[in-house]
Number of protein chains: 2
Amino acid sequence: MTQTLRAPRSDNRLPQILDESARLFREKGYAATSMRDIATAVDMLPGSLYYHFAAKEDLLVAVYEEGVRLITDKVRAAIARQTDPWQKLEAAAVAHLEALLKTGDYALVVIRVLPQDVPKAAARLVALRDGYDNLFAQLVAALPLPPQTDRQSFRLLLLGALNWSQHWYHDGGRHSPRTIARSFLRLLREAQLP
Amino acid sequence: MTQTLRAPRSDNRLPQILDESARLFREKGYAATSMRDIATAVDMLPGSLYYHFAAKEDLLVAVYEEGVRLITDKVRAAIARQTDPWQKLEAAAVAHLEALLKTGDYALVVIRVLPQDVPKAAARLVALRDGYDNLFAQLVAALPLPPQTDRQSFRLLLLGALNWSQHWYHDGGRHSPRTIARSFLRLLREAQLP
DNA sequence: CTATATAACAAACAGTCGTTTGTTTTTCTA
DNA sequence: TAGAAAAACAAACGACTGTTTGTTATATAG
């Protein structure tokens, strides 16, 4: 067999394209970010981007996938270090929020760009998010809660509040992502204590 | 004094323009909605919209203001019917969520369009939102909570979860906006009971 | 009835959009 | 070092963008 595929060039600029795309998609949103914006940011001509991505939507999907992968990895790693169900959930919440607010732009794109903004790729984005949501559903399922507790609402309450924090969080604030996540969880946990 | 101002025409089409703008801004977002989209929806020519609004941004601000007014009115009315602090908050949460998920498009534009999407009007939008947030801050301040409770986190947790519900709520679901708001509040309240 | 403010049309403006095409430069492999 | 693949440039395509301008129809007040 002949080696038909060549190794990618060493100074690959694809990461840079993704980085700047993530930054712009997060800052301005998907629709308001033009391919020319991205091209300018990476110091290329607009057409050159189409060597790496067939369409603007594919560029977003790539950023989105990387964002989901990033959050998922962080949360999985955080969970693995704990054994107690409540501590697992707290670790997950902290990791989730730190991924959103500290990791950078990829993660924020995931919760800022709506699937409906990218009709042709919407189903793919929704599937990616659902897979992640399932992670939290399992954590909540493992909690020792009173039998009448609505675990779905519990998950939606926590995850919604965490995701919404992007709108009011700012870097120099009194609370870090870690303390925010912890104080949310404390408010929720005290409900279930004797 | 002479009457220089004339009464507006009876079949004023301004409400229709606002309605369709709200619908489109909610469905597609601000950037992805064109003036031609709106003009088509109200069966006008694009240029005719500029008789009513000087710019696209002004159209958004008008929708946004109406949205804030709508939510605020609903919540204020709901609060007024209650006396107990917890019941006031629950009534406010229910009204808030019903305004978002049942009232229509105006209210959703308020939490779906980010101020940063409209640079020239951003400050105005932020001010409108802050005024509304203050309403909830007062309700939380009135709650009989243990002294060590972080009331700011409490408010952000509740309001964030309520606002995020737009992303997963769908009309035919098992839970109505009212039951969602109530179950969120129950999860939060049980923490503070003896 | 007529004057006038209201509200729309009709048509275009310059600029930007995502994308395509053909060509050139750069880099790695054999 | 020659050849090929990778990665960029250069330039344009048609469609669409927010907006402006001049004109026309319509309703209402005097």
Side-chain angles (χ1 to χ4, degrees), chain A residues 1-22 24-25 27-64 113 116-122, chain B residues 1-22 24-25 27-64 113 116-122:
Chain A
M1 288 290 282
T2 57
Q3 177 77 11
T4 58
L5 286 182
R6 185 182 289 231
R9 199 179 286 186
S10 53
D11 61 337
N12 207 350
R13 301 192 63 191
L14 203 137
Q16 192 192 354
I17 296 176
L18 288 175
D19 280 357
E20 295 299 323
S21 299
L24 288 165
F25 286 155
E27 278 178 16
K28 321 185 13 165
Y30 174 74
T33 300
S34 71
M35 293 299 272
R36 283 169 178 81
D37 289 338
I38 298 170
T40 300
V42 298
D43 206 35
M44 271 186 192
L45 294 187
S48 305
L49 293 172
Y50 285 82
Y51 175 78
H52 301 274
F53 295 93
K56 188 187 175 188
E57 295 208 342
D58 297 325
L59 196 36
L60 174 72
V61 170
V63 169
Y64 202 100
V113 174
Q116 60 206 5
D117 292 342
V118 202
K120 285 159 65 176
Chain B
M1 288 290 282
T2 57
Q3 177 77 9
T4 58
L5 287 181
R6 184 182 290 231
R9 198 179 287 187
S10 53
D11 61 338
N12 206 350
R13 301 192 62 192
L14 203 138
Q16 191 193 355
I17 295 176
L18 288 175
D19 281 356
E20 295 298 323
S21 300
L24 288 165
F25 286 156
E27 277 179 16
K28 321 188 9 167
Y30 175 73
T33 300
S34 71
M35 293 298 273
R36 282 167 179 83
D37 289 339
I38 299 170
T40 301
V42 298
D43 206 34
M44 271 186 191
L45 293 186
S48 305
L49 293 172
Y50 286 81
Y51 175 79
H52 301 274
F53 296 92
K56 188 188 176 188
E57 295 208 342
D58 297 324
L59 195 36
L60 175 72
V61 170
V63 169
Y64 202 99
V113 174
Q116 60 206 5
D117 292 344
V118 203
K120 285 158 64 175

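Interface residues of residues 49-62 of chain A facing DNA chain C, ordered by number: Y50(A), A55(A), K56(A); criterion, heavy-atom separation under 4.0 Å.
Residues that satisfy the side-chain contact (heavy atoms from CB on, under 4.5 Å) test with T40(A), not counting sequence neighbours, are absent from this structure. Remark: Q16(A) engages R13(A) in a side-chain hydrogen bond (donor to acceptor under 3.5 Å, both in side chains) (not counting sequence neighbours). The side-chain hydrogen bond (donor to acceptor under 3.5 Å, both in side chains) check on E27(B) picks up R23(B), with sequence neighbours excluded. Applying the side-chain hydrogen bond (donor to acceptor under 3.5 Å, both in side chains) criterion to D117(A), with sequence neighbours excluded, gives no partner residue.
K120(A) has its NZ atom 11 Å from the C1' atom of dT19(C), to the nearest Å. Y30(B) places its OH atom 13 Å from the P atom of dT17(D), with the value rounded to the nearest Å.
Annotation: the span from F25(B) atom CZ to L18(B) atom CG amounts to 9.5 Å, rounded to 0.5 Å.
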>> Walk along nucleotides 9-16 of chain C from 5' to 3' and tag each nucleotide B, S or - by protein heavy-atom contact under 4.0 Å, base first, then sugar-phosphate.
In response: BB-B----

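At a threshold of 4.5 Å between non-hydrogen side-chain atoms, the residues V61(A) and V118(A) do not count as touching. Put simply, the side chain of M44(A) does not reach to within 4.5 Å of the side chain of E20(A), judged on heavy atoms.
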Acceptor/donor pairs from residues 28-36 of chain B side chains to any protein atom, 3.5 angstrom cut, sequence neighbours excluded:
| from | atom 1 | to | atom 2 | distance (Å) |
| --- | --- | --- | --- | --- |
| K28(B) | NZ | D37(B) | OD2 | 3.1 |
| Y30(B) | OH | E57(B) | N | 3.4 |
| T33(B) | OG1 | L24(B) | O | 3.2 |
| T33(B) | OG1 | G29(B) | O | 2.7 |
| S34(B) | OG | R36(B) | N | 3.4 |
| S34(B) | OG | D37(B) | N | 3.0 |
| S34(B) | OG | D37(B) | OD1 | 3.4 |
| S34(B) | OG | D37(B) | OD2 | 3.3 |

